[in-house]
Protein chains: 2
Amino acid sequence: MNLKTLAQELGLSPTTVSRALNGYPEVSEATRARVTAAANAAHYHPNTQAKRLATGRAMAIGHIIPISDRHEIVNPVFADFIAGAGEVYARSGYDMVLTIVPDADEARAYGELRSKGNVDGVLIHAPRVNDHRITMLESLGLPYVLHGRISGIESSYSWVDVNNVRAFERATNFLLDLRHRRIALINGIGDMDFARRRRRGYERALAARAIALDPQLITEGEMTEAQGHDQARAMLALPDPPTAFLTASLLSAMGARRAVEEAGLVMGRDVSILTHDDELGYLKNGTAQEPIFTATRSSVREAGRRCAAMLIAQIESGNRQPISELMEAVLVLGQSTGPAPSR
Amino acid sequence: MNLKTLAQELGLSPTTVSRALNGYPEVSEATRARVTAAANAAHYHPNTQAKRLATGRAMAIGHIIPISDRHEIVNPVFADFIAGAGEVYARSGYDMVLTIVPDADEARAYGELRSKGNVDGVLIHAPRVNDHRITMLESLGLPYVLHGRISGIESSYSWVDVNNVRAFERATNFLLDLRHRRIALINGIGDMDFARRRRRGYERALAARAIALDPQLITEGEMTEAQGHDQARAMLALPDPPTAFLTASLLSAMGARRAVEEAGLVMGRDVSILTHDDELGYLKNGTAQEPIFTATRSSVREAGRRCAAMLIAQIESGNRQPISELMEAVLVLGQSTGPAPSR
DNA sequence: TTGAAAGCGCTAACAA
DNA sequence: TTGTTAGCGCTTTCAA
């Protein structure tokens with residue numbers, strides 16, 4: 001069923017039918033009713049490709065996922081972001097187009113996406129410090145919104161980000177209030193912008209209480225269970241080991257937990273672990289069963305929604321002024337984190 | 001830059017340029033070379049929408065992700081599958097279109113996808129027992145491939161699946177060989193087809209050694225850390241508790257691990273845990289550091305590749321004969337699982 | 001080996 | 001309020 005035959009059946013011109021279906025005001029309500037009824041009855045849906053060609057709008061948003069041999073960028077958090085963005089696209093009639101590209105081909109991928117015209121804009125993920133993608137997109141003139149921020153860049157751009165500095169500052173303060181003084185930070189890859197911000201929050205909290213930074217208590221890596229385990233084990237073997245760990249992901253926390261056990265220490269008595277992450281269902285019924293300080297999962301999903309909405313707004317308004325939005329993380333401080341042991 | 005202007009610059013007709021670029025044989029090699037050179041120089045890429053409209057092919061594959069309030073279907077495994085499929089699409093010139101739909105709207109979503117014509121086929125995820133989606137797709141005539149299988153359906157359909165029965169049978173045998181006799185199974189949601197198959201493998205191994213099933217040692221649920229913890233704790237409190245746990249996911253295993261500690265038991269001595277899952281980086285350099293029996297992550301990615309390749313083959317050949325492929329899981333049996341304690 | 005012309009299904013300027 | 005016409009950028013039949 002296409003527009004032409006539908007129009008013939010109704011004894012109308014394709015134009016009128018199109019106008020009726022697309023909500024143009026000049027159509028009489030009587031015909032509009034007749035047309036919509038017929039369209040529904042025939043399960044008519046306008047052909048997307050034709051519509052796109054005629055309007056010059058792809059009605060699609062691209063998500064470019066760079067994939068490298070070094071890091072596993074395809075992380076679990078990503079799924080939640082996609083789910084949030086997907087909700088918004090469904091409501092607004094946009095398609096979500098995922099492109100998986102090897103790191104090296106990323107520049108080319110944007111260019112092609114642009115000139116092939118199959119998306120109206122793109123969402124950018126996991127920015128690194130001094131990320132060059134923004135410059136690239138600007139020169140292409142392709143609308144975009146960044147999930148996260150880029151520290152090294154002065155020019156303004158559109159972004160949605162969670163206040164990572166504040167989140168980690170609060171978490172560190174939480175541990176400091178429990179009289180912990182040797183607090184370790186098991187962070188994400190240092191090259192990633194969010195990791196840098198998290199570290200800044202941690203440092204800020206320590207500085208505010210005049211506690212010197214110990215570089216031995218700060219590690220970074222890929223946020224896997226193995227990372228948490230190995231790095232925690234090494235730190236526990238120090239002459240003056242940490243009494244608390246602050247980890248950037250649940251997996252690292254679980255690894256750290258394993259290291260704690262292996263060292264013959266007791267969780268919550270000898271060592272506390274506070275995790276920035278509920279990404280994998282740790283939170284249940286809104287109550288942290290284990291020490292957790294941020295409801296990452298729901299935050300990430302919300303970030304997905306906001307990014308998508310922001311990008312659509314930019315595209316539809318034709319407005320190229322950068323917009324930005326800083327989200328406060330939902331903080332859910334865990335109950336089972338114990339005070340620092342007195343030595 | 002479009003075909004017309006490119007043709008003008010070359011002093012050729014759009015037809016010839018199109019033919020040259022699309023590899024039609026009737027073009028002289030001289031012109032073809034000239035055309036491709038010019039196209040590259042101008043960074044010309046044919047407009048996707050126009051191409052689609054003209055050929056009637058969307059050059060896109062849809063992935064429909066049902067999202068329900070009850071379950072978190074957007075799971076981490078999904079990201080790996082997507083990555084695998086994405087590789088294949090990139091190579092073959094297809095777009096990957098993700099559609100997130102609320103459970104209830106799924107039927108409608110397929111119908112629209114079909115009549116709007118923005119995909120040439122779909123990939124179906126996470127089949128349930130007696131899943132009705134296959135019937136729906138058959139009646140729509142939309143090509144599809146299923147990742148997994150559906151036990152309740154007799155009609156044939158295209159699928160790619162991992163041999164879950166065998167994987168769990170082997171894992172159970174591994175524990176049985178270590179003289180465990182009270183082996184608990186912490187399984188996924190019973191409604192999911194893969195969970196049912198895994199259970200079958202477990203049951204088959206026990207039956208082969210004439211060990212009676214104990215329903216108290218079989219639980220199912222959403223494969224979260226909390227699930228593993230709660231269910232393991234309950235089972236450890238039984239009069240005759242298990243000496244080993246077989247869990248369907250790393251998270252459940254970690255939860256079970258926590259329950260074991262809380263019960264004052266020692267991992268590898270009092271209780272062993274064997275996990276079907278490396279989804280979160282537990283495996284490192286091909287060596288299991290903890291008891292794990294399947295390299296899920298890489299398997300899932302490979303499944304993504306094969307599903308995508310199979311679907312594209314079907315679409316391009318116009319062949320509607322169902323094809324299927326059973327993958328053997330990559331088994332990596334962990335070293336640190338201990339024998340059953342003698343009582 | 002190349003080109004002219006029609007058409008894919010829709011939208012939108014212009015006319016009535 | 002409705003219809004006519006042209007055109008979006010490409011492919012493809014038919015003719016040269």
Side-chain angles (χ1 to χ4, degrees), chain A residues 1-36 38-39 42-60 93 95 112-120 316 318, chain B residues 1-36 38-39 42-60 93-95 112-120 316:
Chain A
M1 172 61 66
N2 60 17
L3 189 64
K4 198 171 157 191
T5 59
L6 181 63
Q8 280 168 350
E9 286 182 8
L10 283 161
L12 290 169
S13 76
T15 317
T16 307
V17 176
S18 169
R19 281 197 275 239
L21 260 24
N22 289 305
Y24 282 68
E26 61 261 36
V27 173
S28 82
E29 280 313 315
T31 26
R32 194 194 301 282
R34 210 160 63 88
V35 169
T36 42
H43 292 295
Y44 168 74
H45 294 281
N47 179 289
T48 313
Q49 324 302 349
K51 199 163 188 160
R52 286 170 172 172
L53 183 58
T55 58
R57 301 212 8 225
M59 293 306 288
D95 275 354
E112 284 187 16
L113 222 47
R114 168 79 193 157
S115 58
K116 296 200 296 181
N118 40 9
V119 299
D120 297 318
E316 300 196 338
Chain B
M1 173 61 66
N2 59 18
L3 189 64
K4 197 172 158 191
T5 59
L6 181 64
Q8 280 169 350
E9 287 183 7
L10 283 160
L12 289 168
S13 74
T15 316
T16 306
V17 176
S18 169
R19 281 196 275 238
L21 259 24
N22 289 305
Y24 282 69
E26 61 262 39
V27 174
S28 81
E29 280 313 315
T31 22
R32 193 193 303 283
R34 212 160 62 86
V35 169
T36 42
H43 294 295
Y44 168 75
H45 294 282
N47 179 289
T48 312
Q49 324 303 348
K51 199 161 187 160
R52 286 170 171 170
L53 183 57
T55 57
R57 299 207 16 219
M59 292 306 287
Y94 282 78
D95 275 354
E112 285 187 17
L113 223 46
R114 167 79 193 159
S115 58
K116 296 199 297 181
N118 39 7
V119 300
D120 296 318
E316 300 195 338

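In what follows, every chain begins at residue 1, and chains take the letters A, B, ... in the order their sequences are listed.
- For the pair B:H45 NE2 and D:dG9 C1', the computed distance is 16 Å after rounding to whole Å.
- To the nearest 0.5 Å, atom CG of residue A:L10 and atom OG1 of residue A:T31 are 10.0 Å apart.
- The separation between A:R52 atom CZ and D:dC10 atom P is 16 Å, rounded to whole Å.
- Heavy-atom distances under 4.0 Å link DNA chain D to A:T16, A:R19, A:E26 of residues 16-26 of chain A, given in residue order.
- Note: CZ (A:R57) to C1' (C:dT11) measures 13 Å, nearest angstrom.
- Going from atom CG of B:L3 over to atom P of D:dG7 covers 17 Å, rounded to whole Å.
- Residues B:N118 and A:D95 have side chains that bring a donor and an acceptor to within less than 3.5 angstrom of each other.
- Taking the nucleotide of DNA chain C with the nearest heavy atom to each of B:P14 and B:A50, the more 5' of the two is matched to B:P14.
- Residue B:T55 places no side-chain N or O under 4.0 Å from the OP1 or OP2 atom of C:dC8.
- Rounded to an integer number of Å, the gap from CG of B:N47 to P of C:dC10 is 17 Å.
- Each of B:L53 and A:S28 lies near DNA chain D, and the nucleotide nearest A:S28 is the one positioned closer to the 5' end.
- Atom NZ in A:K51 sits 8.5 Å away from atom NZ in B:K116 (nearest 0.5 Å).
- Residue contacts for A:T15: at a heavy-atom cut-off of 4.0 Å it reaches a base atom on one of the strands shown.
- As rounded to whole Å, 10 Å separates atom P of C:dT1 from atom CZ of B:R32.
- No side-chain donor-acceptor contact under 3.5 Å links B:S18 and B:T15.
- One finds a side-chain N or O of A:K51 lying less than 4.0 angstrom from the OP1 or OP2 phosphate oxygen of C:dT11.
- Annotation: side chain of A:R57 is not in contact with side chain of A:R52 (no heavy-atom distance under 4.5 Å).
- Side-chain atoms of A:R32 come within 3.5 Å of backbone atoms of A:Y24 as a donor-acceptor pair (strictly under, hydrogens ignored).
- Taking atom CE on A:M59 and atom C1' on D:dC8, their separation rounds to 17 Å, with Å as the unit.
- Using a 4.5 Å heavy-atom threshold, the side chains of A:E9 and A:M1 count as touching.
- Atom NZ in B:K4 sits roughly 12 Å away from atom P in C:dA4 (whole-Å rounding).
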